[in-house]
Amino acid sequence: MTTPTICILITIAVYLGSVLGIGFYFARKSESSADFYLGGRKLGPLVTAMSAEASDMSSYLLMGLPGLAYLSGIADVGWTVIGLAAGTYLNWLFTAKRLRRYTQETGSFTLPQFFSNRYRDEKHILTMIAALIIIIFFIPYTASGFAACGKLFSSLFNIDYMTAMIVSAIVIVGYTAAGGFLAASTTDFIQSIIMTIAIVFVLGFSTISAGGIDVVIENAKALPGYFSFTNTYIDADGVSTPYGFLQIITTVSWGLGYFGMPHILLRFMAIEDENKLKLSRRVASVWVVIAMAIAVMIGVVGRTLSANGLVPQLTGNATETIIVRIADLLSSYGILPALMAGLILAGILASTMSTADSQLLAASSGVSQNILQEALHLNLSNKASMLTARLTVVIIAVLGVFIAKNPDSSVFGIVSFAWAGFGASFGPIIICSLFWKRTTLPGAIAGMIAGGAFVFIWKYKIKPLGGVFGLYELLPAFLVGIAMIIVVSLLTKAPSKEITDEFDRVAVK
């Protein structure tokens, strides 16, 4: 084993040991299910902001965005970044404070629980449906995170994919099952710092290695359509094609997904003081814009590095490894650069783990809290409830590892579909629950089912028709969900005075 490889392994081992230590530290502070799943609403504004964005970005920030920019230029990745940035800001602006108030008012510490409490759903129909949706979409979503970790270690150190994935899963499950929400949020905060250091250093090092900004720009300009928002570069043929209005709408619509993401919405519910959400919003919005912009620039610079022969020429899915290739180049310069390369790779690992831990918690709460205790009315003691919560995290992780056992599985495809599923199932009901007093229980049920079902219908039945039907399934399914909530609510009995009074109390605070 070479000296650079040893240095990289040491850095990653220290990082993994640190996150496990955080998990066991917070294990003593989780005394109830509410603590385990929501941290007792004790998050500070910075942890709220950065843990939300770290759990959101996942490996897409350090692998997906640079890879897409490297492959096809600015148009596709640029409109995606615009959509994600707008969705992030609007979600913090309109959803965060009111959701924090409403969940406090209704005594809710999970999203399905809030839906049932909001509409006085005594039969817990909404709880069951919402929990099932979380399980359906989050188990494979978690599997994609495990797969990303396995592929990273396997490619770096020539370790068996399954072994690498299991080790990664054990670490993630270890600190999540031990410390719950507080452990996940604190490690996500630390992971966001590591991710930031990694992308800033990679951009600086790669730009200098490429010969400077002028060289990078000249190389990009030489590729047809590479620097355009209305054309995209086709790597295989070396030509550009128009990037039309339909494609722009499709990519920008990714931003709608934020309104229905359980692992992000939980951060809004958990902050200690709603008045600090303004600071959280500013920090989160600024960080996500800067981080995504840097990630895109790394992909552009990576093109020049390949043109200069400093890193291999990458094609297809291999473009997502551009930061790994840059880290490998850095490690060849000596011990200190190799340690820094280890930190960069730990940043990629952090981006994946910060999402997987939050997804595990959300899926676990759906099973142990919402289905077993609320929908099926199992009367568990506090100790039994905590044990059930931790066991559920382990079981869901095992299922995720099983799903991800194929190293050739499409990580991006799973993430894209799950993002649409959550956005269309939960986004419309979140917006209507918080801002439309006339929403009824039947309307909420109809909207949740219709939004989730239409994701499948559009993707597998309508989208294959092509043409104007080629839209990303999130947008049409989101609109169907909203429409169903409005129509069914207007056709059914208005909410009770108790419900509307509660809505007014939340709205006027």
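No hydrogens, no waters, no symmetry mates; every other heavy atom, side chains included, goes into these values.
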Sequence-distant partners of [X], salt bridge (Lys or Arg N to Asp or Glu O under 4.0 Å), two or more places apart:
X: K278; answer: none
X: R282; answer: none
X: E498; answer: R120

Who are the side chain to side chain donor-acceptor pair (under 3.5 Å) partners of [X], not counting sequence neighbours?
X: R438; result: none
X: Y102; result: R118
X: W79; result: none
X: T251; result: none

[X] to [Y] - nearest heavy-atom pair and separation:
X: M340; Y: F201; result: CG-CE2, 3.5 Å
X: L65; Y: A295; result: CB-CB, 4.1 Å
X: C432; Y: T439; result: O-OG1, 3.3 Å
X: S433; Y: I429; result: OG-O, 2.6 Å
X: V296; Y: V81; result: CG2-CG2, 4.0 Å
X: F109; Y: M269; result: C-CE, 3.8 Å

Quick one: does [X]'s side chain have a donor or acceptor within less than 3.5 Å of a partner on [Y]'s backbone?
X: T321; Y: V324; result: no
X: R100; Y: E274; result: no
X: E105; Y: R101; result: no
X: T319; Y: Y70; result: no
X: S280; Y: P45; result: yes
X: S489; Y: I486; result: no
X: T500; Y: K497; result: yes

Residues in ring-ring contact (aromatic ring centres under 6.0 Å, His included) with F205, at least two apart?
Y333
Not counting sequence neighbours, which residues clear ring-ring contact (aromatic ring centres under 6.0 Å, His included) with Y472? List them please.
W254
Qualifying side chain to side chain donor-acceptor pair (under 3.5 Å) pairs, either residue in residues 83-93, two or more places apart
E53-W92, T88-Y258, N91-T95
Enumerate donor-acceptor pairs with a distance under 3.5 Å from any side-chain N or O in residues 474-485 to protein atoms, sequence neighbours excluded.
none

State which residues pass side-chain contact (heavy atoms from CB on, under 4.5 Å) with L46; sequence neighbours excluded, sorted by chain then number.
F189, V283
Hey, mind stepping through L203 and T207 against side chain to side chain contact (heavy atoms under 4.5 Å, CB included) and telling me if it holds?
CA-CA 6 Å; L203 180 61; T207 302; 3.8 Å; yes
Any chance you could lay out the ring-ring contact (aromatic ring centres under 6.0 Å, His included) test for F426 and F115, step after step, and finish with the verdict?
CA-CA 10 Å; F426 292 158; F115 293 144; 5.6 Å; yes
Got a second to check how far S206's OG is from R325's CZ, nearest 0.5 Å?
15.5 Å
What's the separation between atom CD1 in I326 and atom CG in L330, rounded to the nearest 0.5 Å?
9.5 Å
